[in-house]
Amino acid sequence: MKTHIGRFAVKTVMGAAAALLLAQAASAQNVVKCDFRAFKKLGPSGPAIVSGVRGTMTPIALNSVQIIDKNIAKKILPQGVFARRTDTGTLEVMARLINCTDYPQEVLVRTSFMDVDQFPAEPETAWQRVFLQPRSTAVYREMSISMDIGYYLIEVDEGE
């Protein structure tokens, strides 16, 4: 019986030690990792126009982030895109961007708000500079002026 308890105790101690080492390794490596393959499958980066001829061009997905510069598309990814109605009925949008490089990055971000027919509901917002530290996130927020917003598009361009 001592042998059985001894084996159990050894397995428990070894398991706890392995879990502790894994936890320490995970916390030491708790850095941002990016995989651009899935993002590239979403469609081309850069401007797109919906054409009257099917299949000739890829339309831009609305209610999303569009990275319009190829150079920055290799460095910055949208981590999340959110929208909500304010108490006054306008639309607030937010994008969390992630810097996948080891260097500080600067981007320009703006939003286009559209009505339910996808016509511009108001002029595009002014470009805002967003600074991202290496391997970190930054948040961009904007609010519409109009209450009749059906869609939005957040554009990210290189900040130089």
Exercise: do Y140 and T111 side chains pair donor with acceptor under 3.5 Å:
yes
In the structure I gave you, are the side-chain heavy atoms of I76 and V107 within less than 4.5 Å of one another anywhere?
yes
Where at least one partner belongs to residues 140-154, residue pairs that pass salt bridge (charged side-chain N to carboxylate O under 4.0 Å, His left out), sequence neighbours excluded
E92-R141
What pair of heavy atoms forms the shortest contact from A83 to Y152, and how long is it?
CB-CE2, 3.6 Å
Are V81 and L132 joined in one hydrophobic group, where the rule is that I, L, V, M, F, W and Y side chains link up if heavy atoms are under 4.5 Å apart?
yes
Keeping the roles fixed (side chain from R85, backbone from M147), state whether a donor-acceptor pair exists under 3.5 Å.
yes
Please check this pair: side chain of D115 against backbone of D117, looking for a donor-acceptor N/O pair closer than 3.5 Å.
yes
Which atom pair, heavy atoms only, marks the closest approach of I154 to A95?
CD1-CB, 4.0 Å
Counting distance only, does the side-chain N/O of N99 pair as donor-acceptor with the main-chain N or O of Q133 below 3.5 Å?
yes
State the CG-CD distance between L97 and Q105, to the nearest 0.5 angstrom.
11.5 Å
Quick test of your reading: applying salt bridge (charged side-chain N to carboxylate O under 4.0 Å, His left out), list the pairs with at least one residue in residues 119-130, sequence neighbours left out, ordered by first then second residue.
E106-R129
Where L108 and E158 come nearest, the two heavy atoms and their spacing:
CD1-O, 3.8 Å
Answer with yes or no whether the side chains of S146 and S144 bring together a donor and an acceptor at under 3.5 Å.
no
Would you mind reporting whether P104 and P134 have side-chain heavy atoms less than 4.5 Å apart?
yes
Ignoring hydrogens, what is the shortest heavy-atom contact between L62 and Q118? Give both atom names and the distance.
CD1-CD, 3.5 Å
Heavy atoms only: give me the nearest A121-I149 pair and the separation to one decimal.
CB-CD1, 3.6 Å
Side-chain contact test, heavy atoms from C-beta onward, threshold under 4.5 Å: evaluate it for F82 versus V93 and give yes or no.
no
Student check: side-chain heavy atoms of M94 and V139 closer than 4.5 Å:
yes
